[in-house]
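Chain naming here is simple, since letters A, B, ... match the order of the sequence lines and numbering starts at 1 in each.
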Protein chains: 2
Amino acid sequence: MLELAILGFLYDAPLHGYELRKRITALTGHVRPVAESTLYPAIKRLEKAGLLARATQPGSVAAPRHVLTLTEEGRQELRRRLAEPAQRDITDENRWFTVLAFLRHLDDSAAQAAVLRRRLAFLEEPASFFYDGDRPLRAEELDDPFRRGVLTIARATSRAELSWLRDTIRSLDG
Amino acid sequence: MLELAILGFLYDAPLHGYELRKRITALTGHVRPVAESTLYPAIKRLEKAGLLARATQPGSVAAPRHVLTLTEEGRQELRRRLAEPAQRDITDENRWFTVLAFLRHLDDSAAQAAVLRRRLAFLEEPASFFYDGDRPLRAEELDDPFRRGVLTIARATSRAELSWLRDTIRSLDG
DNA sequence: ACGCAATACCTCGTAGTCGAGGTATCCTCT
DNA sequence: AGAGGATACCTCGACTACGAGGTATTGCGT
């Protein structure tokens with residue numbers, strides 16, 4: 001998820017690590033903060049894998065900056081990760097939002113629609129958080145107000161997302 | 001999050017690992033599956049920390065079961081984790097839902113309301129996923145349909161959750 | 001002159017997570 | 001009789017992530 005965000009932000013323009021960190025913090029930081037000690041090793045991983053290159057620039061403000069640029073492999077890798085997300089990236093909302101934030105970088109609208117359809121299929125599966133044996137429980141059947149809240153919130157999200165997905169898939173297809 | 005779920009399920013009744021796994025899979029598995037190789041070490045950690053005890057029972061169906069029971073420290077620890085969740089548990093929806101799933105185990109309704117108020121405060125902060133400099137962008141200002149989707153969905157979730165939170169806090173206070 | 005915040009990057013140890021694989025029992029279907 | 005699936009638990013190596021801490025520069029306020 002972090003690597004996807006790095007690739008996604010660099011796809012638009014070269015950035016140095018510190019700026020990248022600010023963008024990632026803005027994107028997902030209020031929900032899931034990213035420590036510097038997670039970001040810098042991730043950058044090194046991607047560099048080692050040949051997905052990005054760094055150019056040291058004398059510090060415009062303070063310490064020397066390492067300007068990071070995606071290589072052609074890096075650009076391909078982003079498109080590949082967007083076109084074929086892991087199942088995790090489809091089901092986990094945090095990861096899914098990261099995919100959505102960069103999905104415009106897929107230039108093929110059929111490929112974009114295919115990704116949205118995977119999320120649609122996931123949301124259309126009958127799933128609950130709470131079961132009576134194998135039978136999913138509805139909010140109304142729960143005594144616990146907090147568990148009822150979970151289902152109420154999840155249902156509202158699901159409804160909003162389903163209608164957005166259907167609209168967007170229709171407009172990508174048409 | 002995993003440890004919280006283990007403590008939460010065992011708070012109600014002793015279970016063996018395999019059954020615990022099924023319950024956790026039902027609770028959060030459709031979003032974020034839990035591998036066995038994550039669960040069993042987690043059980044051992046909790047056992048080593050004195051939060052749970054295991055009793056080997058001759059296998060009723062197959063291999064011998066290790067029935068897991070919370071110790072008094074374990075029960076206290078669950079209540080402590082529920083009463084004072086880490087900020088992560090408040091902001092990350094996956095973790096938050098796990099807190100909610102077991103919040104009924106806090107016997108003090110004022111303490112329950114305090115936890116809900118932390119979530120309320122978090123949701124009431126103005127935050128977006130996308131910024132123009134420091135200014136949070138609204139869905140209408142975005143050209144990108146996918147990013148617009150992120151904001152649309154997040155806004156629907158937030159609205160549903162805020163109204164549920166306010167209602168529930170009111171009924172806990174009253 | 002001094003401290004402090006912001007910029008910018010880094011290392012280290014620890015801990016959590018995962019996939020792949022292993023072991024063994026019992027039951028059902030063929 | 002044998003295969004396969006469910007039950008039930010485990011190890012191992014690799015990777016990712018985190019907090020704590022470190023380094024160095026620039027600029028602002030007092």
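- In the region residues 37-49 of chain B, proximity to DNA chain D at under 4.0 angstrom, judged on heavy atoms, holds for S37(B), Y40(B), K44(B).
- For R117(A), the side chain to side chain donor-acceptor pair (under 3.5 Å) partners at least two apart in sequence or on another chain are D173(A).
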With a cut-off of 3.5 Å and sequence neighbours excluded, list every side-chain donor-acceptor pair involving residues 106-113 of chain B.
| residue | atom | partner | partner atom | Å |
| --- | --- | --- | --- | --- |
| D108(B) | OD1 | A110(B) | N | 3.0 |
| Q112(B) | NE2 | L103(B) | O | 3.2 |
| Q112(B) | NE2 | L106(B) | O | 2.7 |

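- Remark: Y11(B) engages H105(B) in a ring pair (Phe, Tyr, Trp, His ring centres under 6.0 Å) (not counting sequence neighbours).
- Under the ring pair (Phe, Tyr, Trp, His ring centres under 6.0 Å) criterion, F9(B) pairs with F102(B), not counting sequence neighbours.
- Judged as a side chain to side chain donor-acceptor pair (under 3.5 Å), and not counting sequence neighbours, E93(A) has no contacts.
- Atoms CZ (R65(A)) and P (dA6(C)) sit 16 Å apart, rounded to a whole Å.
- A salt bridge links E140(B) to R155(B): at least one charged side-chain nitrogen sits closer than 4.0 Å to a carboxylate oxygen.
- Here dA17(D) presents its P atom at 15 Å from CE of M1(B), a figure rounded to the nearest Å.
- With rounding to whole Å, R54(A) atom CZ is found 9 Å from dC9(C) atom C1'.
- Scanning for side chain to side chain donor-acceptor pair (under 3.5 Å) contacts around R75(A) gives an empty result, with sequence neighbours left out.
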Which pairs would a plain distance check flag for residues 24-32 of chain B, meaning a side-chain donor or acceptor within less than 3.5 Å of a matching protein atom at least two apart in sequence or in another chain?
| residue | atom | partner | partner atom | Å |
| --- | --- | --- | --- | --- |
| T25(B) | OG1 | R21(B) | O | 2.8 |
| T28(B) | OG1 | I24(B) | O | 3.4 |
| R32(B) | NE | D92(A) | OD2 | 3.2 |
| R32(B) | NE | N94(B) | OD1 | 3.4 |
| R32(B) | NH2 | D92(A) | OD2 | 2.6 |

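- Within residues 8-35 of chain B, the residues approached by DNA chain C to less than 4.0 Å at the level of any non-hydrogen atom are P33(B), A35(B), in residue-number order.
- Shown for residues 80-97 of chain A: no residue has heavy atoms falling under 4.0 angstrom of DNA chain D.
- Among residues two or more places apart in sequence or in another chain, the salt bridge (Lys or Arg N to Asp or Glu O under 4.0 Å) test is passed with R88(B) by none.
- With sequence neighbours left out, R119(A) forms a side chain to side chain donor-acceptor pair (under 3.5 Å) with E161(A).
- Nearest to the side chain of L2(B), among dT17(C), dC9(D), dA8(C), sits dT17(C).
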